[in-house]
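First the structure, in the form of structure tokens, and then the observations on it.
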Amino acid sequence: MRIIVLVKQVPDTTEVKLDPKTGNLIREGIESIINPDDRHALEAAISLKEKTGGKIIALSMGPPQAVDALSEAIGMGVDEGILLTDRAFAGADTWATSFTLGKAVEKIGGFDLILCGRQAIDGDTAQIGPQVADYLKIPQVTYVFEIEAVRKKSILVKRRMEDGYERIQCELPALLTVIGELNTPRYAMVGGLIDACREKAPIKLWNAADIGVQTCDVGLEGSLTHVIRTFAPKSQRQGEMIEGDAEAAAKSLIGKLKENSLI
Amino acid sequence: MIRSNPEELIRKSIAKFVDNELIPSAQEIDEKGEFPMEMFQKIGKMGVFGIRYPKNKGGAGGNTTLYCIICEELARGLMSVAAITAMQCLMGTNFLFHFGTKEMHEKYFLPAMRGEKISCFCLTEPEAGSDLGNVSTLAKKTDKGFVVNGMKTWVTNGPVADFYTVLCQTDPAKKLRGLNFFFFPKDTPGLSASKAFDLLGTRTTQISELAFNEVHIPHEYMLGQEGQGLNNLLSILSEIRTMTAALAIGLQRAALDDSIRYAHERAQFGRTISKYQLIQAKIANMAVNLEASKLLTYKATRMIDNKEECLKEASIAKYFATESACKAGDEVTRIFGAYGYSMEYSAQRYYRDNRFLLYGGGTHEILQPNIARWVGL
Amino acid sequence: MTVWIEVDLCNGCQRCIKTCPYGAVELRDGKAHILDRCTSCGACLEVCKQKAIFSDMEPKVIPDFSDRKGVWVFAEQRAGKLTSVSLELLGKAQELAASLGQDVSALLLGSKVSGLAKSLINHGADRVYLAEHRALKDFRTLAYTKVIEELVARYRPNILLMGATHVGRDLAPRVSRRIGVGLTADCTELSIDPEEGILLQTRPAFGGNVMATIANRYSRPQMATVRPGVMEPRPTPGKKGRVIRHKVSLKEREIGVKVLEVVKEKKKGVNLSEAKVIVAGGRGVGNAEGFRKLEKLAAAIGGEVAGTRVAVEEGWIPPERQVGQTGQSVRPELYIACGISGAIQHRAGMMNSRYVIAINKDPRAPIFQVADWSIVGDLHDVVPEMIKELKKG
């Protein structure tokens with residue numbers, strides 16, 4: 001089975017701190033990581049390969065440093081990494097990104113399954129999976145939390161819904177987006193990480209010309225949506241600091257709740 | 001060609017393991033006081049134990065710098081787990097790797113690399129610590145092999161190890177030139193480990209005595225050429241000292257991180273204690289010592305990787321980083337105030353665990369005169 | 001495609017630095033300097049009063065979309081029941097349609113669902129496009145996409161909104177790619193730009209404390225998804241509307257998937273979205289034991305217990321009590337955040353609470369930025385004191 005995993009490198013936004021004086025994001029020490037949902041997609045691909053054999057290719061788009069995400073994927077057990085990197089790709093919305101990734105998948109060719117995380121923690125759009133699937137004209141199942149069986153021409157999965165789940169049979173080739181419930185990702189093998197850093201490592205870098213796209217169709221230029229304004233969210237909160245030790249603070253807080261008829 | 005930096009990559013990967021797996025269970029492991037088997041196996045699964053050995057012989061193809069980065073990160077989580085890992089990568093397996101037979105390689109070395117067998121290294125005796133010429137565990141040569149009698153103590157992993165690398169004397173008249181390393185599987189008749197000692201720090205470390213009573217072993221269990229034991233030991237001494245320094249860096253980082261976090265949280269007289277200059281001075285000193293420890297230690301690891309002689313640099317790094325770790329363990333408990341005295345917080349653990357570093361790789365009372373000699377006294 | 005600064009013209013006013021959405025401009029020796037991070041988005045060009053910033057970008061031509069009319073809402077139904085977010089979107093759609101002078105339509109797809117049309121009209125739909133077919137009984141991406149593609153091609157709407165539910169987040173991106181339009185996910189605010197007449201889509205972005213307004217100038221319909229619980233329904237009882245049937249032809253083999261089984265899992269008696277008071281805990285609670293304290297507080301004050309993703313992952317509380325981006329969005333009267341740092345993913349789920357109390361040991365925790373009342377302190381000390389105080393009456 002040939003599996004392509006879409007992987008994104010993201011800033012680790014789960015531990016964000018704000019400067020108490022300016023309210024600005026403290027950027028120092030925020031590391032880049034493999035997007036958490038994508039890590040589950042990698043694990044799913046690797047455990048499928050362990051059962052059925054085959055080959056796994058991790059595909060990512062990003063600046064040159066995003067090669068780290070692919071190196072780590074190789075450390076986990078992926079066979080090959082491809083990084084789409086080009087200044088022209090920068091600033092892409094999901095329309096342009098799904099086009100770029102779709103083109104790269106076409107160039108790779110011959111796959112049975114594409115796996116990706118449900119969404120990336122820096123954008124939370126959850127759009128790339130379905131959009132790539134549509135570009136490639138293959139069926140999709142999103143929110144997958146269990147892969148029950150893989151057959152020759154189809155795959156049996158469970159899809160998480162708000163109030164339960166659905167069991168779905170999907171024809172192959174297909175694209176699945178997965179959620180954390182699916183598995184526990186393994187840690188990379190240190191030997192694999194070392195190999196991934198070598199000159200001969202199976203990592204390729206492709207630019208716009210390599211995948212045969214014009215710069216006007218990718219990145220910011222190829223995007224259909226644009227950020228026209230950014231602003232700090234206006235907090236309409238009173239933001240009152242209640243001082244004193246635990247007892248005093250609790251007392252004055254409950255007082256405030258009573259004043260506002262909240263209790 | 002754009003490629004990742006293996007040092008950053010491995011540090012990040014191990015750091016994630018430490019943050020997600022080791023730190024959350026550190027307190028529990030320490031309190032239980034048992035060999036942390038689950039953690040040991042998880043570390044084995046990441047292929048860490050082979051970090052120093054070449055890929056084509058069952059290792060991960062790394063080097064001493066990468067080895068020390070891993071030791072440092074693990075020590076940031078829990079010293080005892082880091083120490084067991086450090087031993088499994090180096091002292092516990094090194095001579096087996098270099099001098100063991102093919103069969104020993106298959107049956108013991110490779111499983112040890114995967115975390116399926118526990119290794120162990122025995123030097124110290126009741127009457128011989130730094131004074132190795134006094135080692136009296138005697139391996140007497142016979143037609144069939146060797147008969148070993150004697151006693152080792154302060155044997156890390158003694159009660160749990162699957163095989164031992166043991167320094168023995170084959171000819172007392174030759175003193176240091178009569179020292180040789182031997183390999184012993186756990187179940188060899190006549191070999192017995194005592195109960196684990198009760199320890200001040202690194203409480204999960206299983207340290208015991210190991211008694212040899214008419215233990216018969218074949219010739220091939222002698223690791224290395226006869227009479228080369230001391231030289232073999234010296235061949236990894238710089239690395240042992242540098243690794244100990246790396247463990248000390250990990251402990252300093254843990255103590256510093258906790259100190260900073262606590263200083264931001266704890267408020268007295270209407271402001272957090274981070275605003276007080278005496279607290280700032282403590283934290284600044286910890287940071288300075290940490291930075292200096294890193295420079296000394298990673299200078300030594302790079303010399304080892306370049307195959308340069310660096311016993312002096314390694315000894316200086318071990319001495320300074322360990323002393324700094326002891327200071328950091330002291331300061332963190334002061335910054336925590338009375339909470340530093342509570343077993344509920346990890347500050348106390350840094351205070352206890354730092355003592356472990358003082359003895360491994362040579363006491364400072366041995367290192368200091370050596371350093372003095374090297375600089376011209 | 002590049003953006004550059006004529007250093008001689010720059011007076012170091014830093015307007016461009018504040019405006020740059022990517023943090024890609026910094027001050028060097030008193031002059032603005034563009035970093036590698038720059039994506040050439042051009043936001044800085046507009047704000048530079050010195051006209052010191054230049055670009056070789058050619059402005060993209062905006063096509064004429066004057067024939068595009070109508071605000072559409074995808075009315076999501078499951079097993080013949082409308083989801084609440086569909087009605088909430090109809091509420092917002094009425095407002096948007098009014099500013100545009102256009103009308104509101106709902107898309108109703110399914111099998112034997114015509115009975116729901118009335119409810120949609122009574123919540124603001126002027127028209128309901130009804131597509132009924134056996135193959136549409138369960139939601140299946142390709143079937144639904146094909147029908148919506150046909151409807152859009154035929155009736156040419158201006159705006160298309162969907163709920164950011166598990167169905168909406170599966171369907172909306174697929175539809176957007178299929179019909180060649182941009183899509184903005186998880187908007188918290190939608191409005192019409194009074195001059196340009198385009199849909200302004202606002203959502204949290206860039207990892208945290210930034211809101212981004214996004215425009216979709218180059219394609220129609222302008223598509224956006226909105227999380228459940230963010231907008232409010234505006235019932236229009238007695239309203240008259242038209243139901244327009246759309247003839248569907250679908251073959252099983254073009255759908256690609258079969259739904260073998262739909263399994264409902266009972267929620268354990270929690271509906272956080274309707275709770276008046278929520279006591280929520282995060283990493284700072286420390287363990288499942290710690291949550292007992294929060295439960296006691298919730299009991300004393302008459303509320304529900306909830307938690308962050310971390311609290312769920314640690315197994316301290318069940319997943320159905322998770323608030324945040326990957327959990328539920330809630331809007332209680334009072335939200336008490338205990339030991340929650342307030343990462344954007346969590347804030348996204350509780351921002352619409354009427355009052356927020358934050359209790360955290362770390363004064364740098366972002367949760368304090370969105371709190372009405374803040375206590376810097378250990379929740380394990382403060383919460384029991386609160387319970388004591390409440391019990392006094």
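Chain letters run A, B, ... following the sequence lines, proteins first, then strands; residues in each count from 1.
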Can you check whether anything in residues 169-180 of chain A gets within less than 4.5 Å of chain C, heavy-atom wise, and list it by number?
-> A:Gln169, A:Cys170, A:Glu171
d(A:His226 NE2, C:Asn216 CG) to nearest 0.5 Å is 9.5 Å
Chain C heavy atoms under 4.5 Å from A:Ile168: which part of the residue, side chain, backbone, both or neither?
-> both
Among the options C:Gly256, C:Gly182, C:Pro384, pick out the one with the most heavy-atom pairs lying under 4.5 Å from chain A.
-> C:Gly256
Which bit of A:Gln119 is near chain C, if near means a heavy-atom gap under 4.5 Å: side chain, backbone, both or neither?
-> side chain
Measure the CG-CZ distance between A:Leu182 and A:Phe145 for me, rounded to the nearest 0.5 Å.
-> 9.5 Å
Heavy-atom contact with chain C under 4.5 Å, split by part of A:Ile242 = both
So A:Asp38 and A:Lys8, salt bridge (Lys or Arg N to Asp or Glu O under 4.0 Å) or not? Walk me through it.
-> CA-CA 7 Å; A:Asp38 301 355; A:Lys8 186 178 188 187; over 6 Å; no
Please check if atom CD in C:Glu313 has more than 12 non-hydrogen atoms from other residues, nucleotides or ligands closer than 6.0 Å.
-> yes
Side-chain touch A:Glu240/A:Lys256, heavy atoms, less than 4.5 angstrom = yes
Top residue by heavy-atom pair count (under 4.5 Å) with chain A, among C:Ile357, C:Leu334, C:Thr184, C:Ile301?
-> C:Ile357
Reported CD-to-CD distance for the pair C:Glu265 and C:Glu320, which is rounded to 0.5 angstrom | 9.5 Å
Using 4.0 Å as the upper bound for N to carboxylate O, is an ion pair formed by A:Arg167 and A:Glu148?
-> yes
Which one of A:Ile228, A:Thr215, A:Val141 has the most heavy-atom pairs closer than 4.5 Å to chain C?
-> A:Ile228
Top contributor to chain A contacts, counting heavy-atom pairs under 4.5 Å, from C:Val263, C:Thr141, C:Leu260 | C:Val263
Exam field: side chain A:Thr85 to backbone A:Gly62, donor-acceptor pair closer than 3.5 Å | yes
Verdict with reasoning, C:Arg178 to C:Glu149, per salt bridge (Lys or Arg N to Asp or Glu O under 4.0 Å) = CA-CA 7 Å; C:Arg178 181 70 60 86; C:Glu149 183 188 6; 3.2 Å; yes
Can you tell which part of C:Leu142 gets under 4.5 Å to a heavy atom of chain A, answering side chain, backbone, both or neither?
-> side chain
Heavy-atom contact with chain A under 4.5 Å, split by part of C:Thr165 | both
Using 4.0 Å as the upper bound for N to carboxylate O, is an ion pair formed by C:Lys276 and C:Glu333?
-> no
Most chain C-contacting option - heavy-atom pairs closer than 4.5 Å, from A:Glu166, A:Glu247, A:Gln127 = A:Gln127
Under 4.5 Å from any heavy atom of chain C - which part of A:Tyr165 | both
For chain C, which of A:Lys251, A:Gln131, A:Arg118, A:Met161 has the most heavy-atom pairs under 4.5 Å?
-> A:Gln131
Should C:Glu76 and C:Arg78 be marked as a salt bridge (Lys or Arg N to Asp or Glu O under 4.0 Å) after you check the CA-CA gap, both sets of side-chain angles, and the distance that decides it?
-> CA-CA 7 Å; C:Glu76 180 185 339; C:Arg78 283 190 214 162; 2.6 Å; yes
Select one option (side chain, backbone, both, neither) describing which atoms of A:Phe89 are under 4.5 Å from chain C's heavy atoms.
-> neither
For A:Pro185 and A:Asn183, which heavy atoms make the closest approach, and how far apart are they?
-> CD-O, 3.7 Å
Inter-residue atom distance A:Ile128.CD1 - A:Tyr135.OH, 0.5 Å rounding = 13.5 Å
Between A:Asp93 and A:Ala96, is there a donor-acceptor pair closer than 3.5 Å when you use the side chain of the first and the backbone of the second?
-> yes
For A:Arg160, is it the side chain, the backbone, both, or neither that has a heavy atom closer than 4.5 Å to a heavy atom of chain C?
-> both
In terms of heavy-atom pairs under 4.5 Å with chain A, which of C:Val277, C:Val356, C:Ile359, C:Asp378 leads?
-> C:Val356
So, C:Arg283 versus C:Ser341: side-chain donor-acceptor pair below 3.5 Å or not?
-> no
For A:Pro139 and C:Val257, which heavy atoms make the closest approach, and how far apart are they?
-> CB-CG1, 4.3 Å
Under a 4.5 Å heavy-atom cut-off, does chain A meet the side chain of C:Arg140, its backbone, both or neither?
-> neither
Over 12 foreign heavy atoms within 6.0 Å of CD, C:Glu196 = yes
Among C:Val167, C:Asp186, C:Val181, C:Leu200, which residue forms the greatest number of heavy-atom pairs with chain A at distances under 4.5 Å?
-> C:Val181
A:Gln140 and C:Arg174: side chain to side chain donor-acceptor pair (under 3.5 Å), yes or no, with the steps?
-> CA-CA 9 Å; A:Gln140 73 192 46; C:Arg174 186 96 200 194; 2.9 Å; yes
When the ring centroid of C:Tyr355 is compared with that of C:Tyr335, is the distance short of 6.0 Å?
-> no
Picking from C:Asp381, C:Leu183, C:Thr188, C:Ile375, which has the most non-hydrogen pairs under 4.5 angstrom with chain A?
-> C:Leu183
Cut-off 4.5 Å, heavy atoms of chain A, and the answer for C:Leu379 is neither
What residues of residues 149-157 of chain A sit under 4.5 Å from chain C when only non-hydrogen atoms are counted?
-> A:Leu156
If one checks every heavy atom of C:Val383 against chain A at 4.5 Å, the contacting part turns out to be neither
Check whether the side chains of A:Arg159 and A:Thr142 place a donor and an acceptor atom closer than 3.5 Å, and report yes or no.
-> yes
Side-chain H-bond candidate by donor/acceptor type, A:Glu43 with A:Thr184, under 3.5 Å | no
Go through the atoms of A:Lys158 and report whether side chain, backbone, both or neither lie under 4.5 Å from a heavy atom of chain C.
-> neither
Check each atom of C:Thr202 against the heavy atoms of chain A and say whether the ones under 4.5 Å are side chain, backbone, both or neither.
-> side chain
Closest heavy-atom pair and its distance - C:Gly342, C:Arg347 | O-CD, 3.3 Å
Which atoms of A:Ser252 approach chain C - backbone, side chain, both or neither, heavy atom under 4.5 Å | neither
Under 4.5 Å heavy-atom distance to chain A, tell me which part of C:Ile387 shows up: side chain, backbone, both or neither.
-> neither
When only pairs under 4.5 Å are counted, which of A:Gly244, A:Gly164, A:Gly91 shares the most heavy-atom pairs with chain C?
-> A:Gly164
